[in-house]
Structure formats: C-alpha cells, structure tokens
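A short worksheet on the structure shown next.
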Amino acid sequence: MAELDHWHPVLFADELGKKPAPVRVCDRELVVFRASNGQATLGALADVCPHRGMRLSEGRVEGGRLVCPYHGWSFAPDGEGKSPATPAARPCADAFEVVERYGLIWIKRRGVDAAFPALDVSGYHFIGKTRHRAEAPLEVTLDNFIEVEHTPEVHALLGYPRERMAEVTCEVTSTERSVRVYNEGPQKALPRPLYSLLQIETGDSFVDDWTTWFSPVYTVYDQYWFDPATGQRRPNALRIAIFFVPVTAGQTDIFALSYALAAPWERYGLNAFAYLLTRAFVVMELRRDVTLLGKLADKSPELRGRTLSRFDKPLGLARKRIESIYRGRG
Amino acid sequence: MREETEVIVVGAGPSGLSVGACLRSRGISFEILERSGEVGSSWRNHYERLHLHTVQRFSALPGMPWPPGTPTYPSRAQMVAYLDAYARDFELHPRFGEDVRSARREDGGFVLRTEANEYHTRALVVATGYNRVPNIPTWPGEASFGGSILHSSRYKNGDPWRGKRVLVVGAGNSGAEIALDLWEHGAKPALSVRGPVHVVPRDLTGVPSQLSSLFLFSRLPPKVADAISLFALDRLLGDLTPYGFTRPKLGPISQVIVEKRIPLIDVGTLELVKQGQIDVVKDVRSFSPGEVHFVDGTTRPFDAVVLATGYRTGISDYFEDAEGWLDERGYPRYFGEPVPGAPGLFFIGFRNPLTGALHDIAVEAERVANYLAGEKR
Ligand SMILES: Cc1cc2nc3c(=O)[nH]c(=O)nc-3n(C[C@H](O)[C@H](O)[C@H](O)COP(=O)(O)OP(=O)(O)OC[C@H]3O[C@@H](n4cnc5c(N)ncnc54)[C@H](O)[C@@H]3O)c2cc1C
Ligand code: FES
Ligand SMILES: [Fe+2]
C-alpha cells in the first residue's frame, strides 16, 4: 500500500461549509466538498479540472455537483463529469473516497480496502481538537511524539522534571503493526491551583503510555496519575489521539483529538473548566513541539550515524513500520 | 454423583455472581453451576468492539463499584476483568463445566442433572441469561449461497472481511455495531432492517441516554416521555426514513414498557449510513449462489452474512414444565420475586429495561437473596 491508500484526516468537519475547500496531502492537491443533495454526501477530487486544468476548489457546488469556474463542466462526488456545451462528452475527474468521523474529514484513494484507524473513545468525553503544521518530514515529526526525553526542555507542563529524568522508566514493546511505549516517572512540578483542578497531588507519578499505528500513522496516548505509595489511580485520565499527515516531503500536519475520562458535568462543572484549560495546554505544548521541529538543522529522517539515547528505541521501530506498512515498500 | 444443597444458582454471569455475592453476605450456603470454564462467559465471547452502552456507575453489581480509571462505558475486556475481580473478591467458586441439561420440580424442591452429577436442592435461582440460545432463522436457497453465514455470537471482529461485501441481518444494537465494525475493518457492509425501529444516540447532547431515561422518563407518564424524546430525536437526528429507518407507531419509551423492545442505541453507525458508507436494505427473502434477494424485489451480491438476529432464553429447553412461568416469547413472567406455585424458584436477569439490564440485575439479586434469607428463617 502507498500513503494515500490509508485514511488521512485533511480538515476539521466544521471547516467545510458550502464552499469547496482545497487541501494538500501526500504532495497531492485535492478539493473536498459537501454535495448536499439531500443526503449528507461528501466529495473529494483532484483539484484540477480534466478539461483545461482549472483549480476546482475555485468553483462552486450546485445540485450535488462541483462546478468548474472556467467553462462550467460539473462533477459528481464519484468524479463523473458533464460538459454543458458537449452533452455527449463523458469527462471524468480523479475521485477519492471521503468520510466524516470524529469531527474530521478523512480521505483515501478509491478501490483500496484500508481499515479505518481504531480509536476507542467509547465512554471518554471529547475535550478539544487542534491542528499544527510542522516544517519537518513525517518521520522526524513523529520522532518528537514518541519519546519523552524532550519534555523537560520543550514542555511547560507535560512530562517529567529535568532533575529526575534518570528515574523515568521507558518500556518499549512492539508488534508487526504497532509500537507501544510506557513511561512512568515523577510528575513535573505544576502551578499550585492545577493540582486540585486535575485532582492530583504533589509527588504523584505520571504515566504516559502510548501506541503508534501505521495505517495511517497515528499515536494514541493514555495519560494518567497515581499515588506512588499506594498505586491507587487518580480519578481522571486523558486519551489523546494524534494523526500525522504528510503534506509535502518536508511538511507534516498533526491533528490532535483530546478526550478525558471524567465527565465535564461532574464536580459541579469544575471538570468543564479543567477541560477548557487542558485544551489550551494541549495547544500550547503542541505549538512548542512544532516550533522546535522547524528549527532542526538536519531534517533528514536517516538515523544511521546519529548517537541515540535509551529513549530513542521506538524511532527505529517506527521507521521500519512506516516503510513497510505506510509506504508499502518491502 | 448425587448432591444435596440448600440453594443452587445456574449460570455464572453477572446475574449468578450477584446472587452469589448477596447470599454469601447473608450467610446462606449455595452452589453456582456454570457450563463454561470461566465466569462471565457471555462477555468473554461477545464481539471485541463491544462496550457497555449503559453507564458504569449504574451498571455495577451489588457491593463492588467499578475501579477508578474506568470510562463511562467500560469495554468488553474491562467487563470481563470486572467479573473476574467480582468472583475473586466475594470468593465465588462456581462449579465449572457443569452444564445443566435438565431441571425439574420434585417434592417441593428441584432436581438438576448435568452430565456427571445430579443435584437436589431446596431453592433454585435460574440465571442462565436471556441470550443463552442464538436465534438462527433460515431462508429458502440458503444452502446454495456459498459464502459464510454466521450468527453474531460467533463474530469477533471485521479483520477476515476486509474488502468483502457483508450483509448484516438485524438492526438491533449488535447488528448496527457489527456493521460499523465491518466498515472500520475495510469491509463493505449492508444492514438489513426489518420493520420500524427507533434510533437513539447513545449520548443525547453529551448526556448518556441511560441517565436521561433513569432520571427523567421513569418519573413521567410514558406518553409525555415519548413526546419529549421524539422531539429531541427529530432535532438531533432529523428524518431517517430516506436512509431506510422507519419509525414505529409506538413511542420509544412506550415500546420498552409495552413491547419490551429497547431502541437501537447508536454508537456511530448512523453517521456512516447517512454518508452512504453503510447501505440499509430491506428484509431478506431468499438466497441464491453469491446473492441475497430482498422482500422489495432487489438482489445484491454478498460474500458473507452475519445474523444479528438475537437470542432466546432457551429455558424450556432444559427446564421441564417451565412453560407455565414463561410468556409466549419464552421469558419468565416473574423477576426477582417468588414464582407463584413454585416455592424456592427464582428467575433473574431476563429483563432489559431502558435503565439497563445490569442495573436491574443488581436490584433483583438483593431481592432474591432477601427472599431466600426470609424463607430460611
Ligand atoms: C451484545 C450484548 C450487549 C449488552 N450490553 C449491555 C449493557 O451495555 N448494559 C447492560 O446493562 N446490559 C447489557 N446486556 C445485557 C446482558 O444480558 C447483561 O449485561 C448480562 O450479561 C446479563 O447477565 P446474566 O448473568 O443474566 O447472563 P449471561 O451473562 O449471559 O450469563 C449466563 C451464564 O449462564 C451460563 N449458562 C447458560 N445456560 C446454562 C446451563 N444450562 N447450565 C449452566 N450454565 C449455563 C452461561 O454460560 C453464562 O455464563 C447486553 C447483552 C448483549 C447480548
Ligand atoms: S477547465 Fe474546467 S471546465 Fe474548462
Ligand atoms: Fe512533545
């Protein structure tokens, strides 16, 4: 399978209104539109008219069809085209499969049977979504998200304290399809009011337990706290899914969906407030990641020749699976 | 071998285990007989994607809340772990591999037979579940179909069907979720819907439907509750008839009360139906090689069929002369209370109210244990 044979998120669903939207994914320019002909059908086509190369995203939707703004040829979601001036003509635009789920618009190539990314958030409560663009290739972007060694330097709240990094455990397990990393260590010191808001205590252990999958490339994080003396878990936990979408060879979009275990209406709505803050924290921390990635001097995905740390084992495992599963080579 | 006991509980699912725990705390001796090798065998065997559609806080068994860190809707695996912990904490040791093949009344007590043993007991608690025996309908031409036809009880996940066209028969909760699971695994599912059905999202604007029904609808007259819920559903889901779902004449709340039918609790299937990813088709009429024919005269090719056609209690399969206590569909008429004319007999776990079967089981188990404790005194 090649990259576009997997389902990729390309837009937030609420960003796609009546107007067609241009998107760029895996170096392809596509147009996504809502063909609201009674049914909630979506369309995704190559963003170039098969007639004389106009950008279809400059067009409009009419009667469930996308109309090219140059000579008015129109296209159905499956690519079937009509030319008003030449009724006998049967033009055909390059169509993609498109679906709306989890508040995102997803696309993939037609005629390939890819599984949809598994995201078990049954019984979790949605707290926010965000998107960021990293000026770095897919592999190099993912690298940042599958090790915690950078958290003391890069992150304000997430992760482990610099002076106690040596205590942080990092267990890596893998299957043919996935790489799992389990990190456990002391929670980094937080501003005082956050402890009661997040229902944690000073001295708590923080677990960051994630699994990366490769069709498409995405990581699901489970983050929670427990009392190191008793092992008792704190009442809340976060589950965050991050999808890594190559835009061009040197740019990667990350789409993050955050969920929490405890219901927002619990604790008299205090959780709702906590989630507002959590959402802002996730945005802030992701911004720090992508800003940093943009400043790398060497953005080559090549790992050979680099000096790696005990936290870097997942990088090589992920490389192999990106090659075989995601890019379908070897 | 012949054994004499005070109380026998048949089945080590949530019902049997709950009764066991309640009897233990009342100091009553009992035996649990379970046909499989582990507790909670129904939950071990359900399809992998399954989660409780009821809220864990209102789906706990007597005496043991769900552990911290459990999401609102626990997964199948979490349910199995919970049942294991329950049996461990209450020191319940069912006799495994004891499949009760026959049960009958004798001398004011009961005689049960398994392959190896005969049990004589004064009191009997039937906790064999309302999903004991799969309903497997048949259609003309089925043998010629060629593809696999399996009941939902044998469906695990959609992996084997990537790229395949699969018909799911029956738009209950299992059918709708299995169609979704197939789609997620890259199969091309269609869902065969027979007759009208109410569709209710699992969460109504973020609030679990079970909670709305627990707190709101159990206190209102059914007609009012129906009107409120239909108003909300119209706003949330819109008109579903273009997609193949027709609405029953009876409102969703009345249907639960009158017909004992719970609505389809949607966990994401509807979104895909609306986008044309999962087709809704009519009732099946017949099969031919590689094809299924529907009652509206249409025909479609399929590679496999999953029968999400439900279960029956199968009580009369092993319980002699049980018909008097069962309704026309084979469900006991008495729940968590003594059966008239059959002292010592109790049924538990055969109701499925909107408020959740597990919630009901927890209440019934205490009542059954109280009756048994009272009788003893
Ligand atoms: C797909 C599905 C999803 C569900 N989801 C929910 C939910 O979200 N929330 C909820 O509240 N309820 C739900 N239910 C209802 C479900 O019935 C209860 O959750 C619960 O499992 C019922 O417990 P039980 O002990 O009565 O039956 P079961 O769990 O079925 O246990 C019966 C036990 O009896 C044993 N047994 C049967 N016959 C014999 C025999 N002759 N001799 C010896 N042993 C025997 C079986 O092996 C089994 O272990 C669901 C049911 C199904 C089928
Ligand atoms: S370029 Fe699109 S219609 Fe001519
Ligand atoms: Fe980071």
Side-chain angles (χ1 to χ4, degrees), chain A residues 1 5-7 13 34-35 37-43 77-78 97-103 105-106 108 111-127 177 199 207 215 222 224-227 230-237 239 259-266 272, chain B residues 48-57 59 66-79 157-159 161-165 177 180-188 202-203 205-208 210-211 237-239 241-244 267-278:
Chain A
M1 281 171 120
D5 294 350
H6 310 277
W7 285 106
R34 292 192 189 276
N37 51 349
Q39 295 221 334
T41 324
L42 289 157
D78 65 359
E97 273 186 59
V98 51
V99 71
E100 179 176 336
R101 292 201 84 199
Y102 300 107
I105 308 280
W106 306 74
K108 79 165 174 65
V112 278
D113 304 302
F116 195 82
L119 175 57
D120 178 6
V121 288
S122 236
Y124 279 78
H125 302 272
F126 179 68
I127 58 176
R177 300 207 280 194
Q199 292 178 279
V207 173
S215 173
D222 275 325
Y224 56 88
W225 293 263
F226 67 91
D227 180 347
T230 62
Q232 184 76 9
R233 270 182 73 158
R234 299 303 177 198
N236 212 342
R239 179 164 287 179
Y259 299 83
L261 194 63
W265 60 80
E266 280 169 21
Chain B
E48 290 162 9
R49 195 186 194 284
L50 180 68
H51 290 72
L52 262 70
H53 57 258
T54 53
V55 177
Q56 47 107 335
R57 273 182 63 195
S59 304
W66 284 83
T70 308
T72 303
Y73 304 109
S75 67
R76 189 190 61 90
Q78 285 166 326
M79 180 67 179
N157 65 51
D159 248 354
W161 284 284
R162 174 163 312 169
K164 296 285 191 324
R165 298 156 303 187
E177 187 167 7
L180 173 62
D181 190 62
L182 284 161
W183 183 88
E184 288 181 331
H185 282 86
K188 296 177 181 65
R202 185 179 56 191
D203 301 276
T205 56
V207 181
Q210 186 201 13
L211 292 187
L237 306 177
D239 181 13
T241 27
Y243 309 109
V267 294
T269 313
L270 195 58
E271 192 184 27
L272 293 173
V273 167
K274 284 183 168 178
Q275 294 176 55
Q277 298 284 337
I278 297 175

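Throughout, a chain's letter reflects where its sequence line sits, starting with A, and its residues are numbered from 1. Only heavy atoms go into these numbers, but all of them, side chains included; no hydrogens, no water, no symmetry mates.
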(message) Can you tell me which portion of A:Asn236 sits under 4.5 Å from chain B's heavy atoms? Options are side chain, backbone, both or neither.
(response) neither

(message) Is B:Gln277 in contact with chain A via its backbone, its side chain, both, or neither, using a 4.5 Å heavy-atom distance?
(response) side chain

(message) If I measure from the heavy atoms of chain B, does A:Val98 come under 4.5 Å with its side chain, its backbone, both, or neither?
(response) backbone

(request) Counting only heavy atoms closer than 4.5 Å, note whether A:Arg239 contacts chain B via side chain, backbone, both or neither. (result) neither

(request) Say whether, by atom type as modelled, one donor and one acceptor occur between the side chain of A:Asp5 and the main chain of A:Val112 under 3.5 angstrom. (result) no

(message) Please check this pair: side chain of B:Thr70 against backbone of B:Trp66, looking for a donor-acceptor N/O pair closer than 3.5 Å.
(response) no

(request) Measure B:Lys164 against the heavy atoms of chain A and call it side chain, backbone, both or neither at under 4.5 Å. (result) neither

(request) Could you look at A:Glu100 and say if it's the side chain, the backbone, both or neither that has a heavy atom under 4.5 Å from chain B? (result) both

(message) Does any backbone or side-chain atom of B:Leu180 lie under 4.5 Å from a heavy atom of chain A? Answer side chain, backbone, both or neither.
(response) side chain

(request) Classify the side-chain pair B:His51/A:Asp120 by whether it contains a donor and acceptor separated by less than 3.5 Å. (result) yes

(message) Which label fits A:His125 and A:Trp265: parallel for a plane angle under 30°, tilted from 30 to 60°, or perpendicular past 60°?
(response) perpendicular

(request) Side chain from CB out, backbone as N, CA, C, O: work out which of these in B:Leu272 comes under 4.5 Å of a heavy atom of chain A, or both, or neither. (result) side chain

(request) Return yes when atom CZ of B:Arg57 has more than 12 non-hydrogen atoms of other residues, nucleotides or ligands closer than 6.0 Å, and no otherwise. (result) no

(request) Report yes or no: is the cationic atom of A:Arg233 (NZ for Lys, CZ for Arg) under 6.0 Å from the centre of the six-membered ring of A:Tyr224, at an angle within 45° of the ring normal? (result) yes

